[in-house]
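First up is the structure itself, then whatever we jot down about it.
Lettering of chains follows the sequences in order, A, B, ..., and the numbering in each one begins at 1.
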Amino acid sequence: MNLEICKFCNKRSLAAKHLGNEELERLGNNCNEVRFAKGDIIFKQNALSSNIIYIKEGLVKVHISGPEREQILKISKGPAFLGIPTTFGEKINHYSATAINDTIVCFIDIMTFKGFIATNSEFSYEIIIDLCKNEIYNFHRCVNQLQKQGPGRVADALLFFADEIFERDHIELPLLRHEFGDLTGNSRENVSRILTDFNREGLINLNGKNIELLKKDLLRQISEKG
DNA sequence: GCATTAACCACAG
DNA sequence: CTGTGGTTAATGC
C-alpha cells in the first residue's frame, strides 16, 4: 500500500475530488492498483466481491451470461466506477468484467468507501449522480435493444464507439464479430452482413476491424428509425 | 400468399 | 475468425 498513490493520482473520480488530504491517505491505504492485459478477467459473475472497482485507465466490457447466450451489457472506458451496484447491496457479482485493452484498475476496500459515503456528502452526491446516469443509460439501452432491429442496433453501437469511446470517426473495433453480436443482440453472421451492407451503401468504410464512419447523419437516421 | 427479418447450419478462405 | 449462401420460422402486409 502506498499512502501517496491516491493523493497524487491524476485519474481521480469526480467523487474522489471531494476528498481531503487525510481522506485521500486513508483511500491510498485501503486500495490496490492492478494492471490487466487484454482479455484478462477483472471479476467474474457469481464470485464474491468485497471491493469497489474503479477503472483508472482502459476499456472494459461488462457482460452477463443469459439463458440463451452471453450478453455484453456495456463497454466502459476509464476513468469510471465499475461495480458499485454489484458490491454495495450484494456480496456476489451479478456480472463479469473483462479487460478489452491493457487496463489499470483500482480495488477499493468497501468499508473505506462506505465510510466516505457516511461522512462526506459531496462524495456521496457524486456517487449518486453516477448511479443515476447509469440507470438512465441502461433504460435507453433497454429500449434500443427491444425495439430496434438489427441495423439500428449496429448503427447505435458504431456511433457509440465513435462518439463516446474513440472520439473520432475512424475506429478500430476492439471486439470480435461474435462479441459485437453479443453487444448488439445480433448473431455473428448478421453483424457480418449488416456491416458489409453499410459498407456497400457507402455509410462506412469497412476494413476488418478498422471502420470509418462516412455518413454519420444517415447512421443516426438508421439508429433512430430502428 | 409474399416480403422482410433474423437465426441456424455449413463451408471456404 | 470471418464472410457468404441456403434454409427455415415468425411476423406483417
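Remark: A:Glu164 engages A:Phe160 in a side-chain contact (heavy atoms from CB on, under 4.5 Å) (not counting sequence neighbours). Residues meeting the side chain to side chain donor-acceptor pair (under 3.5 Å) test with A:Lys38, sequence neighbours left out: none. Taking the salt bridge (Lys or Arg N to Asp or Glu O under 4.0 Å) definition, one finds that A:Glu33 meets it with A:Lys56, sequence neighbours left out. Every side-chain contact (heavy atoms from CB on, under 4.5 Å) that A:Asn138 has, sequence neighbours left out, goes to A:Asn134. Listed by chain and number, the residues in a salt bridge (Lys or Arg N to Asp or Glu O under 4.0 Å) with A:Arg168 amount to none (sequence neighbours excluded). Every residue meeting the side-chain contact (heavy atoms from CB on, under 4.5 Å) condition with A:His140, not counting sequence neighbours, appears here in chain and number order: A:Ile136.
Put simply, CG on A:Asn207 is 14 Å from C1' on C:dG3, counting in whole angstrom units. When rounded to the nearest whole Å, the span between NZ of A:Lys209 and P of C:dC1 equals 9 Å. The interatomic distance linking A:Asn199 (CG) with C:dG3 (P) rounds to 10 Å, in whole Å. Protein atom CZ of A:Phe198 is 14 Å distant from nucleotide atom P of C:dG3, rounded to whole Å. Across the protein-nucleic acid pair, A:Leu173 atom CG and C:dG3 atom P stand 11 Å apart, rounded to whole Å. Whole-Å rounding puts the A:Phe180 CZ to C:dG3 C1' distance at 16 Å.
Through direct or relayed side-chain contacts under 4.5 Å between Ile, Leu, Val, Met, Phe, Trp and Tyr, A:Tyr125 connects to A:Ile129.
Sequence neighbours left out, the pairs with a member in residues 101-111 of chain A that pass side-chain hydrogen bond (donor to acceptor under 3.5 Å, both in side chains) are A:Asp109-A:Thr112.
Contact between the side-chain N/O atoms of A:Ser192 and the OP1/OP2 oxygens of C:dT4 is not found at any separation under 4.0 Å.
Using a cut-off of 4.0 Å between Lys/Arg side-chain N and Asp/Glu carboxylate O, A:Arg193 and A:Glu189 are scored as not salt-bridged.
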Checklist entry - If the sugar-phosphate is the primed atoms plus P, OP1 and OP2 and the base is the rest, what is the B/S/- string for nucleotides 7-13 of chain C, using protein heavy atoms under 4.0 Å? => result -------

Please list every donor-acceptor pair under 3.5 Å in which a side-chain atom of residues 208-218 of chain A meets a protein atom from a residue at least two apart or in another chain.
unit_1, atom_1, unit_2, atom_2, d
A:Lys216, NZ, A:Asp163, OD1, 2.8
A:Lys216, NZ, A:Asp169, OD1, 2.9

Between protein and nucleic acid, restricted to nucleotides 9-13 of chain B and to nitrogen or oxygen atoms under 3.5 Å apart, what atom pairs and distances do you find?
unit_1, atom_1, unit_2, atom_2, d
B:dC9, N4, A:Glu189, OE2, 2.9

Could you go through nucleotides 3-6 of chain B and list every protein N or O atom that sits under 3.5 Å from one of its N or O atoms, giving the distance for each pair?
unit_1, atom_1, unit_2, atom_2, d
B:dA6, OP1, A:Gly150, N, 2.4

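The shortest distance between side-chain heavy atoms of A:Tyr54 and A:Val105 does not fall below 4.5 Å.
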